[in-house]
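The first residue of the sequence shown is numbered 1, and numbering continues consecutively from there.
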Amino acid sequence: MKKILVTGALGQIGTELVAKLRQGYGVDNVIATDIREIDHDVVKGGPFELLDVTDGANMHELASKYEVDTIIHLAALLSATAEEKPLLAWNLNMGGLVNALEVARELNCQFFTPSSIGAFGPSTPKNATPQDTIQRPTTMYGVNKVSGELLCDYYYQKFGVETRGLRFPGLISYEAPPGGGTTDYAVEIYYEALKKGTYESFIAEGTYMDMMYMPDALNAIVQLLEADASTLIHRNCFNVTAMSVAPEDVGAEIKKHIPQFDLRYKVDPARQAIAESWPDSIDASCATAEWGFKAQFDLQSMTTDMLEKLKEKGY
Ligand code: SER
């Protein structure tokens, strides 16, 4: 039986993951935490606690109080914000992670935290980026992600903490918006297509990055947490992806549903530079081989579902 503490539970992943975990493991077995409290199901639909992840003592206290055996650490700044506030990003992303790992070590918990395609850099092979390859990112977010992958490896090797992780691509979803990420255009474009029939992309035409629809990301987290430890070789940083797309690919798919949709470009040099430092497409074959990862949604089925769900929400 799992009893899970989730940090950053009101973020883009947490909002949907908490609902899925409460459904699968029981409402009382999922303790959602975040630095803010809002009027939302995550807060009202089960145990919820305020938690600043840089406060390790409070994290320990909450994890002990609820006797958790699993920690899913999601609280972090995304790439564009981290580039604007690098020191804050270091303190929050690394400070939060080491606190969460320490609690996992002290209370003998299984541990999950996401890494990202941001853990790669300009000297990484750009296409079909392998699982094990050069990782010399040039962003603070990437520095945090590589350090995080290594730290999780260290906690497993040194202390036997059951750490696991995924290198997520851009995640596309309709419940809670992402904030401050480089791949956020691929979410905004759907909202704006329905609201205004037009979108100004801050990422340039022809810029390819990996993406995945949120249901596939959530399934991957649960599947990896449930995977038999003996099958895992790359436990902390599995490449996972569903598609490699450029803004015009997403635009063309949206046009099939909204023929008058007009995609324009107003490139943000800061986020464009981040995007160009990341791979065009990554290879997820280790995740498939070691624990059976397989994404269900491609660009076509994701676009159909995304537009339907947003319409149901009144967009
Ligand atoms: N979606 C993240 C970002 O753009 C990448 O992991 O920052």
Within-4.5 Å side-chain heavy-atom neighbours: Lys195 and Tyr315: yes
Polar contact flag, side-chain donor to acceptor under 3.5 angstrom, Asn239-His234: no
Minimal non-hydrogen separation, Lys145 against Ala119, with atom names: CB-CB, 4.0 Å
Close side-chain approach of Met212 to Met302, heavy-atom, < 4.5 Å: no
Ion pair Glu102/Arg105, N-O distance below 4.0 Å: yes
Met306 with Phe168, same ILVMFWY side-chain cluster at under 4.5 Å: no
Thr163 backbone acceptor or donor facing Arg235 side chain under 3.5 Å: yes
Donor-acceptor pair between Thr81 and Tyr141 side chains, under 3.5 angstrom: no
Results of side-chain contact (heavy atoms from CB on, under 4.5 Å) for Ser281 - residues two or more places apart only: Asn127, Asp210, Ser244
Partner set under side-chain contact (heavy atoms from CB on, under 4.5 Å) for Ala287, not counting sequence neighbours: Phe238, Val240, Trp291, Phe293
Side-chain donor-acceptor pair present, Tyr174, Glu312, cut-off under 3.5 Å: no
Partner residues of Gln260 under the side-chain contact (heavy atoms from CB on, under 4.5 Å) criterion, sequence neighbours left out: Ile258
Single-linkage hydrophobic cluster, 4.5 Å side-chain cutoff, Leu263 and Val250 together: yes
Side chain to side chain, Phe111 and Leu97, heavy atoms closer than 4.5 Å: yes
Pairs meeting criterion ring pair (Phe, Tyr, Trp, His ring centres under 6.0 Å) with involvement of residues 204-225, two or more places apart: Tyr213-Phe297
Closest non-hydrogen atom pair, Ile71 against Val103: CD1-CG1, 3.7 Å
Expected output: side-chain Glu205 to main-chain Ala246 donor-acceptor under 3.5 Å: no
Nearest heavy atoms of Met59 and Ala100, plus distance in Å: SD-CA, 3.5 Å
Exercise: do Glu175 and Thr15 side chains pair donor with acceptor under 3.5 Å: no
Side-chain heavy atoms of Ile189 within contact of Pro247, under 4.5 Å: no
Trp278 side chain reached by Thr182 side chain, heavy atoms, under 4.5 Å: yes
Partner set under side-chain contact (heavy atoms from CB on, under 4.5 Å) for Asn219, not counting sequence neighbours: Lys20
Chi angles and distances behind the side chain to side chain contact (heavy atoms under 4.5 Å, CB included) call for Ser79, Thr139: CA-CA 7 Å; Ser79 57; Thr139 62; 5.6 Å; no
Exercise: identify the closest heavy-atom pair between Cys109 and Val68: SG-O, 3.4 Å
Ile221 side chain reached by Arg164 side chain, heavy atoms, under 4.5 Å: no
Note, Gln272 side chain near Ile203 side chain (heavy atom, < 4.5 Å): yes
Side-chain donor/acceptor of Asn99 to backbone N/O of Val53, under 3.5 Å: yes
Closest non-hydrogen atom pair, Gly11 against Asp34: N-OD2, 4.1 Å
From Lys266, Glu192, Glu188, residue fulfilling side chain to side chain donor-acceptor pair (under 3.5 Å) relative to Tyr199: Glu188
Which residues share a salt bridge (Lys or Arg N to Asp or Glu O under 4.0 Å) with Asp39, sequence neighbours left out: Lys44
Side chains of Asp298 and Ser301, donor plus acceptor under 3.5 Å: yes
Where Ser173 and Gln12 come nearest, the two heavy atoms and their spacing: OG-NE2, 3.0 Å
